[in-house]
**Student:** 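Please read through the structure below; I'll follow up with questions.
Below, all heavy atoms of this structure are taken into account, side chains as well, without hydrogens, waters or symmetry copies.
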Amino acid sequence: MKLKQLQTEHTEKEGSNVTLEGWVRNHRPQKTFGFLDLNDGTCFETVQVVYDQTLDNFDETRKIRNGSAVRIEGEVVLTPKRPQPFEIKAHEVEVVGAADADYPIQPKRHSREFLRQKAHLRPRTNLFTAVFRIRSLLTQAIHDFFQSRGFIHLASPIITANDAEGAGEMFRVTTLDPKAPPLDDSGAVDFSQDFFGRKTNLTVSGQLHAEAFAQAFRDVYTFGPTFRAEKSHTSTHVSEFWMVEPEMAFTDLQGNMDVCEDMVRHLIRQVLKHADSELEFLDRFVENGLLRRLERVASSEFVRITHTEAVDILEQSRQTFERPFEKDFASEHEKYLLSYFDAPVFVTDWPKDTKAFYMRLNDDNETVAAVDLLAPGGGEIVGGSQREERYTMLKKRMDEMGIDTEELDWYLQLRRFGTTPHSGFGLGFERMLMYVTGVSNIRDVIPFPRTPNNCEY
RNA sequence: GCCUCAUUAGCUCAGCGGUAGAGCACUUGACUGUUAAUCAAGGGGUCCUAGGUUCGAAUCCUAGAUGGGGCGCCA
């Protein structure tokens, strides 16, 4: 039987025998009896197993160490006067796989740094049980949201030929011999002899491919892994992460923000609805006030201001900032705007030279129809835009910014064959997860994080 | 890439120029309802590495390695 099921049915099951399988989180043996805290992976909670000398293998059971895998057969006993509503009175305890004495996870707080070095064992701690249960829930919620609105999911390619679209450094994909690659006449590496007959990289974004599908299915989204080879050392960057990228034809920037706002609210509501125990734990041990913050965001209207308005607010703030804010914002500016409004804020219409080539040029010729969503406690979690759908404008912008128009001819063609005003955004999945769980380092919301100089496991 | 802080037992940390410490974990024992149980005893150390200063270095100095935090780049 699964513990999750027993949790909802323990009243009906009172007095009946059940078998549970799981891992011992903590063990409190005494002289003639003892207690095992068992987690079977099906829910956040543990169940207390009580055993005594009536067990055939009482002496062996007394010696069970934390981390051991066990099978318990016993009776469901209601315990309304104790901290837990029910427990299991064991009739049989079978050790399925004992844990050696040097099992490193103890029933106490460990540092995140230590647990990162034990990434294969950390899902057995309360914190990571909560985080990864919510991660799974959030994945489901994303698909629910888009599928229920008729969006088509597309698996955008992980290996791409797009060399650079301005999103950052890329990982090269190659089968050439690193010691003796073939060279061309000028002495440079000859990638025409590489596996795909050209230079290829891991994707930095599925957006361009999503745009192609949006011109066929209208509303589409991608949800998959993304790779950046930047040597960033921060708590919000990893080399491999997941992005959600919806793309919508016949949709302007306002419509884009409507979908984004609905999505963020939906995601938070789903977590609030289905992860009570996890959020309660996180609110207590990770971020005091997490629940209140999420509830407020789930019910509040998001603010919408232009970049020009945001700059005005910063200018009138009477606060001294270390960095200039006329063009792009640093985290200190984002924090000020968030505390000013005390709600999620969309900032739109950014100066064109701070943003990517595909964003639609506004009539002022100075700004583009870009949008960043700033969220209290999470910083920038979404970046999006209305795309430049006018062929000549796009071509001009690409030339100005030195983007290879030959390589991206297929992307330009989309503007010649039935172009539409269209928009989309990218949600950093792990950043959303940080925002929802209160966990402050992105390496602690991804199962096996990859960062510069670190690819263990 | 830049700036900072750290590295002492399996974990969390104290010690800051004079014999290597505590709590938890582990092992053993006590305990008839524990909730990160409690109590007692025991085992456990390349004080990150390499140099240097000193009668004497975990402690002071130099370099390096690894990790954390901040900034930049971004999601």
Side-chain angles (χ1 to χ4, degrees), chain A residues 25-38 45-53 62-63 65-67 77 79 81-84 87 89 99-118 121-122 125-126 165-170 203-207 223-245 285 322-323 328-332 334 354-356 372-375 378-384 425-435 440-446 451-454 456:
Chain A
R25 288 282 181 91
N26 197 12
H27 187 187
R28 295 177 294 277
Q30 300 191 37
K31 187 178 188 179
T32 58
F33 59 91
F35 305 94
L36 296 165
D37 292 340
L38 187 76
E45 289 84 358
T46 58
V47 65
Q48 175 160 282
V49 175
V50 195
Y51 64 87
D52 62 24
Q53 284 172 302
R62 280 194 84 217
K63 294 195 161 77
R65 280 184 294 259
N66 294 346
V77 180
T79 54
K81 288 180 182 166
R82 303 202 182 281
Q84 63 282 356
E87 60 190 25
K89 170 84 177 66
D100 288 350
D102 58 349
Y103 180 65
I105 309 296
Q106 297 169 35
K108 69 162 199 172
R109 252 180 205 225
H110 293 280
S111 68
R112 307 281 161 79
E113 295 80 32
F114 170 70
L115 291 170
R116 262 170 233 153
Q117 287 161 24
K118 307 281 176 208
L121 298 173
R122 68 179 183 169
T125 63
N126 284 334
E165 50 144 283
E169 298 291 309
M170 304 182 86
T203 183
V204 294
S205 164
Q207 177 199 318
F223 183 20
T226 308
F227 307 88
R228 302 277 167 92
E230 276 133 14
K231 294 199 172 174
S232 299
H233 293 103
T234 82
S235 54
T236 50
H237 290 84
V238 277
S239 310
E240 178 184 302
F241 63 99
W242 282 58
M243 266 212 293
V244 180
E245 296 179 286
F285 291 106
E322 290 197 9
R323 316 184 64 83
D328 219 346
F329 295 161
S331 53
E332 56 175 335
E334 294 177 353
T354 62
K355 295 292 180 184
D372 283 0
L373 175 63
L374 311 180
E380 182 187 334
I381 57 174
V382 170
F425 60 85
L427 170 78
F429 183 64
E430 281 80 11
R431 288 194 183 170
M432 184 68 201
L433 190 54
M434 290 169 74
Y435 180 62
S440 58
N441 195 313
I442 197 168
R443 284 166 271 193
D444 298 326
V445 296
I446 192 161
T451 51
N453 267 323
N454 191 347
E456 287 185 65

**Student:** Please answer whether the main-chain N or O of Lys81(A) pairs with a side-chain N or O of Thr79(A) as donor and acceptor at a distance below 3.5 Å.
**Tutor:**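 Judged by distance alone, no pair lies under 3.5 Å.
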**Student:** Is there a donor N/O on one and an acceptor N/O on the other, under 3.5 Å, for the side chain of Ser232(A) and the base of rC74(B)?
**Tutor:**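 Counting by modelled atom types and ignoring angles, no donor-acceptor contact under 3.5 Å is found here.
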**Student:** Would you measure the distance from the C1' atom in rG18(B) across to the matching atom in rC24(B) and give it in whole Å?
**Tutor:**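 31 Å, rounded to whole Å.
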**Student:** Rounded to whole angstrom units, what separation is found between the CG atom of Asn441(A) and the P atom of rG69(B)?
**Tutor:**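 Value for this atom pair: 5 Å.
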**Student:** Throw together a table of side-chain donor-acceptor distances under 3.5 angstrom for residues 99-109 of chain A, partners on residues two or more places apart or in other chains.
**Tutor:**
from      : atom 1 : to        : atom 2 : distance (Å)
Arg109(A) : NH2    : Phe285(A) : O      : 3.4

**Student:** Between the protein and nucleotides 3-5 of chain B, list the N/O to N/O atom pairs that are separated by less than 3.5 angstrom.
**Tutor:**
none

**Student:** If you pin Phe33(A) and Pro104(A) to their nearest nucleotides in RNA chain B, which one's is more 5'?
**Tutor:**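 Nearer the 5' end of the strand: Pro104(A).
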**Student:** Using modelled atom types and a 3.5 Å cut-off, is there a donor and acceptor pairing between side-chain atoms of Glu430(A) and backbone atoms of Phe241(A)?
**Tutor:**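 No, the answer is negative, given that no donor and acceptor are paired below the 3.5 Å cut-off.
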**Student:** Applying salt bridge (Lys or Arg N to Asp or Glu O under 4.0 Å), can you list everything that pairs with Arg28(A), at least two apart in sequence or on another chain?
**Tutor:**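 Arg28(A) satisfies salt bridge (Lys or Arg N to Asp or Glu O under 4.0 Å) with Asp37(A) only.
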**Student:** Considering only atom P, compute the distance from rA63(B) to rC2(B) and round it to an integer number of Å.
**Tutor:**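 Comparing P positions in rA63(B) and rC2(B) gives a spacing of 15 Å.
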**Student:** Return the polar atom pairs (N/O with N/O) between nucleotides 25-30 of chain B and the protein under 3.5 Å, or none.
**Tutor:**
from    : atom 1 : to        : atom 2 : distance (Å)
rA25(B) : O4'    : Gln106(A) : OE1    : 3.1
rU27(B) : OP1    : Arg65(A)  : NH1    : 2.6

**Student:** Using the P atom in both, what is the distance from rC26(B) to rU66(B), to the nearest Å?
**Tutor:**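 It comes out at 33 Å once rounded to the nearest Å.
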**Student:** If you measure from the C1' atom in rC48(B) to the same atom in rG68(B), how many Å do you get, rounded?
**Tutor:**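 Those two atoms are separated by 15 Å.
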**Student:** Taking only the P atom of each, what is the distance from rA22(B) to rA40(B) in whole angstrom?
**Tutor:**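 Between the two P atoms, the distance is 13 Å.
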**Student:** Run the salt bridge (Lys or Arg N to Asp or Glu O under 4.0 Å) test against Lys89(A) and tell me which residues pass, sequence neighbours left out.
**Tutor:**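 Salt bridge (Lys or Arg N to Asp or Glu O under 4.0 Å) check on Lys89(A) returns Asp52(A).
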**Student:** Is it the case that Ser232(A) and Thr234(A) place a side-chain donor and acceptor less than 3.5 Å from each other?
**Tutor:**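 Absent: no donor and acceptor within the cut-off.
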**Student:** Is Glu87(A) side chain donor-acceptor paired with the rG33(B) base, going by distance under 3.5 Å alone?
**Tutor:**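 Per atom types, the contact qualifies.
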**Student:** Reckon Ser235(A) has a side-chain N or O less than 4.0 Å from the OP1 or OP2 of rG68(B)?
**Tutor:**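 So the side-chain polar atoms of Ser235(A) never come under 4.0 Å of the phosphate oxygens OP1 or OP2 of rG68(B).
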**Student:** Just name whichever nucleotide pairs with rA36(B), Watson-Crick or G-U, keeping both distances under 3.5 Å, else none.
**Tutor:**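 For rA36(B), the partner nucleotide comes out as none, under the 3.5 Å rule.
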**Student:** Counting N and O atoms only, with roles assigned by atom type, does the side chain of Glu332(A) sit under 3.5 Å from a partner on the main chain of Glu322(A), one being a donor and the other an acceptor?
**Tutor:**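 Flag set: sc Glu332(A) to bb Glu322(A) pair under 3.5 Å.
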**Student:** Looking at rC73(B), does its base get a donor-acceptor pair with the side chain of His237(A) below 3.5 Å?
**Tutor:**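 Yes.
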**Student:** Roughly how many Å apart are rA20(B) and rG45(B), using the P atom of each and rounding to a whole number?
**Tutor:**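 Nearest-Å result for rG45(B) against rA20(B) at atom P: 14 Å.
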**Student:** With both distances under 3.5 angstrom, what nucleotide forms a Watson-Crick or G-U wobble pair with rA14(B)?
**Tutor:**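 Paired with rA14(B), as far as the under-3.5 Å criterion goes, is no nucleotide at all.
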**Student:** Considering residues at least two apart in sequence or located in another chain, which fulfil the salt bridge (Lys or Arg N to Asp or Glu O under 4.0 Å) criterion with Arg116(A)?
**Tutor:**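 Arg116(A) satisfies salt bridge (Lys or Arg N to Asp or Glu O under 4.0 Å) with Asp444(A) once adjacent residues are dropped.
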**Student:** Rounding to an integer number of angstrom, what distance separates rA14(B) and rU8(B) when you compare their C1' atoms?
**Tutor:**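 Roughly 10 Å separates the two C1' atoms.
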**Student:** Who pairs with Phe429(A) by ring-ring contact (aromatic ring centres under 6.0 Å, His included), at least two apart in sequence or on another chain?
**Tutor:**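 Per chain and number, Phe429(A) pairs via ring-ring contact (aromatic ring centres under 6.0 Å, His included) with Phe223(A).
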**Student:** Which residue, Pro452(A) or Ala330(A), contacts RNA chain B at a nucleotide closer to its 5' end, judged by nearest heavy atom?
**Tutor:**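 With Pro452(A) and Ala330(A) compared, the 5'-side residue is Pro452(A).
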**Student:** Between Glu240(A) (CD) and rC74(B) (C1'), how many Å, whole number?
**Tutor:**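 To the nearest whole Å, that distance equals 17 Å.
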**Student:** Just the rounded figure in Å: distance from C1' of rG72(B) to CD of Glu334(A).
**Tutor:**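 Rounded to whole Å, this separation is 13 Å.
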**Student:** Using whole Å, report how far CD1 of Ile105(A) lies from P of rG10(B).
**Tutor:**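 To the nearest whole Å, that distance equals 15 Å.
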**Student:** Could you state the atom-to-atom distance from NE2 of His233(A) to C1' of rU66(B) in whole Å?
**Tutor:**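 It is 11 Å, rounded to the nearest whole Å.
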**Student:** Atom CZ of Arg109(A) and atom P of rC13(B): how far apart are they, to the nearest Å?
**Tutor:**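 Between P of rC13(B) and CZ of Arg109(A): 12 Å.
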**Student:** Taking N and O atoms by type only, does the side chain of Lys231(A) place a donor or acceptor under 3.5 Å from a partner on the base of rC73(B)?
**Tutor:**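 Per atom types, no contact qualifies.
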**Student:** In whole angstrom, give the distance that lies between atom CD of Glu322(A) and atom C1' of rC71(B).
**Tutor:**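 It is 9 Å, rounded to the nearest whole Å.
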**Student:** So, using ring-ring contact (aromatic ring centres under 6.0 Å, His included) as the criterion, who are the partners of His233(A) when residues are at least two apart?
**Tutor:**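 Per chain and number, His233(A) pairs via ring-ring contact (aromatic ring centres under 6.0 Å, His included) with no residue.
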**Student:** When the P atoms of rC55(B) and rG23(B) are considered, how many whole Å apart are they?
**Tutor:**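 It comes out at 38 Å once rounded to the nearest Å.
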**Student:** Take atom CD of Gln117(A) and atom P of rU12(B), then tell me their distance rounded to the nearest Å.
**Tutor:**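 Taking CD of Gln117(A) and P of rU12(B), I get 8 Å after rounding.
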**Student:** Partners of His27(A) by ring-ring contact (aromatic ring centres under 6.0 Å, His included), sequence neighbours excluded?
**Tutor:**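 Testing His27(A) for ring-ring contact (aromatic ring centres under 6.0 Å, His included), a comparison that skips the adjacent residues, returns Tyr51(A).
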**Student:** Any strand is fair game: report the nucleotide pairing with rG72(B) by Watson-Crick or G-U wobble, both distances under 3.5 Å, or none.
**Tutor:**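 By the stated definition (distances under 3.5 Å), nothing pairs with rG72(B).
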